[in-house]
Amino acid sequence: MHLQHFLLFPFLLGLLFAPEIANACAVCFSSSEETLEAFYFTTIFLTLLPVVMLFTIGYWLYSKHRKT
Amino acid sequence: MTNPSSQSVLFAASEVSLTNRPKRAKPPVSSGVIGMLIFMVTEAMFFAGLISAYMVIRSGIEEWPPWGQPRLPVETTAFNTLVLLLSGLTMGFSRNLLQKQKFQEGRRLLGISLLLGTFFLVAQGYEWVQLLNFGMTVSSSVYGGLFYLIIGAHGFHVVGVLAVLIHAWNRLGASNNPITAEGLLPLQLLWYFVVCVWPVLYVLVYLT
């Protein structure tokens, strides 16, 4: 067994456990219930907002086109 | 090969078809308005991103505003909010007058609207100076950073739209290449957007 392979195994093992230790996620600063709710709300908000806006504009243009 | 008589018939037929061709219908909505609507969608998403970031960050901090940071001037800004809403209202009235070809009155109301917008901007600037004197800066806390980022982004938009509207206001009465009521509409829409976003930001940043 080469030295490189010998070092590779603990490195890969370390990668498996590192995220739990490092807490490296940019938004994992709080684990409170309020933060979870804020994430849910903003995800829904940011998903639906463009759909609602584009649908409204599209429908408005369609109704204007039908009138003329 | 065709003979001269058949050619003349052909040209005559083409002339008839050209003159009888129906005129191109005027589009129901101008390109400027559609372009501005698309731009406003992107702007709305920009502010939605800022609002979402504010909500998520704030939810993770127990004490809000953080200890040692000044409280925001809620009452003064409420008055300022009314001024901005009034500016949007006068903008709407000026649009009605301009559509009725009453250019002098419409231009006057547009000027009042711009003055109100400028008042809002100056009052916001004064508020910022006061907050900076109290020690609230971009780097003093997350609170300060978010405040200056969100309110600053809105203020930057107000400055931009005001600058373009002042230019349009000058061109409204110009003898050379004047702007029409329809040409002014996209800019007015952008002003309505800036006015409508502000109450949302006020409630979010100042009241909650």
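The chains referred to below are lettered A, B, ... by the order of the sequence lines, with proteins before strands, and numbering in each begins at 1. Computed from a predicted structure; not experimentally measured.
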Checklist outcome for this item: Bottom line for Ala44(B): the part with an atom under 4.5 Å from chain A's heavy atoms is both

Checklist outcome for this item: Residues at least two apart in sequence or cross-chain that pass ring pair (Phe, Tyr, Trp, His ring centres under 6.0 Å) with Phe193(B), listed by chain then number, are none

Checklist entry - What is the ring orientation for Phe47(B) with His157(B), classed by angle as parallel under 30°, tilted 30 to 60°, or perpendicular over 60°? => result tilted

Checklist entry - Does the side chain to side chain contact (heavy atoms under 4.5 Å, CB included) test come out yes or no for Gln99(B) and Asn96(B), once each step is laid out? => result CA-CA 5 Å; Gln99(B) 273 185 321; Asn96(B) 282 341; 4.1 Å; yes

Checklist entry - How are the rings of Tyr62(A) and Tyr59(A) set to each other: parallel, tilted or perpendicular (split at 30° and 60°)? => result tilted

Checklist entry - Hey, what's the ring geometry for Phe120(B) with Trp198(B), parallel, tilted or perpendicular (30° and 60° as the breaks)? => result perpendicular

Next on the checklist: Apply side chain to side chain contact (heavy atoms under 4.5 Å, CB included) to residues Leu98(B) and Leu184(B) and explain how you reach the verdict.
Outcome noted: CA-CA 9 Å; Leu98(B) 290 171; Leu184(B) 195 65; 3.5 Å; yes

Item to check | Nearest heavy atoms of Gln69(B) and Gly135(B), plus distance in Å | outcome: NE2-O, 4.4 Å

Item to check | Contacts with chain A made by residues 32-42 of chain B (heavy-atom distance under 4.5 Å), listed by residue number | outcome: Val33(B), Ile34(B), Leu37(B), Val41(B)

Next on the checklist: If I measure from the heavy atoms of chain B, does Leu46(A) come under 4.5 Å with its side chain, its backbone, both, or neither?
Outcome noted: both

